[in-house]
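Just follow the structure's listing: the first ligand is 1, and inside any ligand the first atom is 1.
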Amino acid sequence: MNKVPTLGNPQNTIEVLNKYKFVFQKKFGQNFLIDTHVLDKIIQAANITKDDFVVEIGPGIGTMTQYLACAARGVAAIEIDKALIPILEDTLSAYDNVTIINQDVLKVDLRALAEEMNGGKPVKVVANLPYYITTPIIMGLFENHVPVESITVMVQKEVADRMQVGPGTKDYGALSLAVQYYAKPYIVANVPPNCFMPRPNVGSAVIRLTTHEESPVTVQDEKLMFSIIRASFNQRRKTLQNGLSHVPELAINKEMTVQVLKEMGLSETIRGEAMTLAQFAEFTDRVLALRA
Ligand code: SAM
C-alpha cells in the first residue's frame, strides 16, 4: 500500500483533536507524537518490511499506525480508550491492513493474537508506550513467551537506561536482568518533551529490544530465577541472604544462601545489585540441586 501518512505534525493533530472534541486522559498516559522525524526513526529502527506483522500498543489518534501500515504487511493496534476508536476508524480508513482492538493490552492474550494474525510466527511490537505500565507490558511479552522478533518502543529515558545497564550501577535491577535475559537492548534515540502533545514532564527514549534466539545463560527454572531476582531487588540495600529469607514463598533460608554463595566463591554478604545474570542463573541451579 503506497499511502502517505497524513498525521505526525502539530497542525494535523490539533485538527483531529478539535474535530472530535477529544479530551486527554492523564490516567492513560496520553502523549501523542507530533514529530515526523521521530516517527521515521522509530519505523527505521524497527526495520519493518512488507513481510512483517506489527502489534502496536496504544495507537492514540493513529499517527504512528499510519506509518506502520505503510511499511508492514499488517498491523493490530490495541487501544484502551474508547473515545479514540471513532477517531482511529477515521484516520485509518484509507488503510485496509489495520485491525483496531479496543481493549486493555494487559488483558489481551497476545500469544493468541500472534497465532491468529501471523500464524504463530514472531511479530514485531512497536509503540509509544503509556509510561505508567511500561514494565508490566514488556515483562508480560517476555514472561508469557509471546512470539516477538523485536520490541521497538518509546519509553521514559530513565527506564530505557535501566534496561541496558549492568551490575554495580544505581539503575541496575530486575528489569535490566529480565530484558537482558530475553533480548539485546539498544537505545536508538533520545526524544525531548517538545515532540509530544501534551508535553510529558520527563525525557523519553526509543529503545529496541531484539529477542535472543538463544538466551545468553541457561537456567533450569526460569520462574524461580526471576522470583529470586525480584526478591533480591525488593530491598536492594539488603544482602542476598536477608532479601531472600524475607520472602517465605521462596523457601530459601539464610543457611542455604550462604552455602550456595560459598560454593560459587562469592562473599556471603553480597547484594543482588552486585550479581550478574549468569550468577543469578547459577545460584538458582545450585539452590535446586541442594533441594534435590
Ligand atoms: N501511539 C500514539 C502516539 O504516538 O501518538 C499514542 C501514544 S500515548 C503515549 C499512549 C497510548 O496508549 C494512548 O493512546 C493511551 O490511551 C493508550 N493506552 C494507555 N493504557 C493502555 C492500555 N492499558 N492498553 C492499551 N492502550 C493503552
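Looking at heavy atoms from C-beta onward, Gln241 lies out of side-chain contact with Ile252 at the 4.5 angstrom threshold. Within the 4.5 Å cutoff, the side chain of Thr211 has no heavy atoms near those of the Glu149 side chain. Lys121 is not listed as a side-chain neighbour of Phe53, based on a closest heavy-atom distance of 4.5 Å or more.
Closest protein heavy atom to atom 14 (O) of ligand 1: Glu79 OE1, 2.7 Å. For atom 18 (N) of ligand 1, the nearest non-hydrogen atom of the protein is Ile80 CG2, 3.6 Å. The nearest heavy-atom contact from the protein to atom 19 (C) of ligand 1 is Phe28 O, 3.1 Å. For atom 5 (O) of ligand 1, the nearest non-hydrogen atom of the protein is Leu33 N, 2.9 Å. Of all protein heavy atoms, the one closest to atom 4 (O) of ligand 1 is Asn128 ND2, 2.9 Å. Nearest non-hydrogen protein atom to atom 24 (N) of ligand 1 is Val105 N, 2.9 Å. Protein heavy atom in closest approach to atom 23 (N) of ligand 1: Asp104 OD1, 2.8 Å.
Of the charged side-chain nitrogens involved, none lies within less than 4.0 Å of a carboxylate oxygen, so that Glu15 and Lys19 do not count as a salt-bridged pair.
Contacts between Ala127 and ligand 1, counted as non-hydrogen atom pairs separated by less than 4.0 Å, are absent for every part of the residue. Proximity of Tyr132 to ligand 1, defined as any heavy-atom pair under 4.0 Å, is confined to the side chain (atoms from C-beta onward). With a heavy-atom cut-off of 4.0 Å, Ile61 does not touch ligand 1 at all. By the criterion of a heavy-atom distance under 4.0 Å, the side chain of Leu84, and not its backbone, is placed next to ligand 1.
The ligand atoms of ligand 1 that sit less than 4.0 angstrom from a heavy atom of Gln103 are 24 (N), 25 (C). Residue-ligand proximity, Leu129 to ligand 1, at heavy-atom distances under 4.0 Å covers atoms 9 (C). The contact set between ligand 1 and Gln30, taken as ligand atoms under 4.0 Å from a residue heavy atom, comprises 13 (C), 15 (C), 16 (O). Using a 4.0 Å cut-off to heavy atoms of Gly29, the atoms of ligand 1 that qualify are 8 (S), 9 (C), 10 (C). For ligand 1, the atoms lying closer than 4.0 Å to a non-hydrogen atom of Ile78 are 25 (C), 26 (N).
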Practice problem: Decide yes or no on ring pair (Phe, Tyr, Trp, His ring centres under 6.0 Å) for Phe142 and Tyr181, but give the supporting numbers first. | Solution: CA-CA 9 Å; Phe142 287 143; Tyr181 179 71; 9.2 Å; no
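Inspection of the Glu222 and Tyr182 side chains reveals an N or O donor paired with an N or O acceptor under 3.5 Å. Looking only at atom types and distance, the side chain of Tyr131 has a donor-acceptor partner in the side chain of Ser204 under 3.5 Å away.
Annotation for Arg291 and Leu250: closest pair NH2-O, 2.5 Å, computed over non-hydrogen atoms. Pairing each heavy atom of Ala281 with each of Val219, the nearest pair is O-CG2, 3.8 Å.
Aromatic pair Phe280/Phe226: centroids not less than 6.0 angstrom apart.
Among the candidates Arg230, Arg111, Lys223, the single residue satisfying the salt bridge (Lys or Arg N to Asp or Glu O under 4.0 Å) test with Glu143 is Arg230. Here the rule is side-chain contact (heavy atoms from CB on, under 4.5 Å) with Leu7, and of Ile34, Thr36, Leu33, Asn12 only Asn12 fits it.
Note on ligand 1: Glu56 sits in its first shell, one or more heavy atoms being nearer than 4.0 Å.
Considering backbone and side-chain N/O atoms, Asn31 never comes within less than 3.5 Å of an N/O atom of ligand 1. For ligand 1, one of its N or O atoms has an N or O atom of Gly60 under 3.5 Å away.
Nearest to atom 12 (O) of ligand 1 by heavy-atom distance, out of Gly58, Ser204, Pro200, is Gly58.
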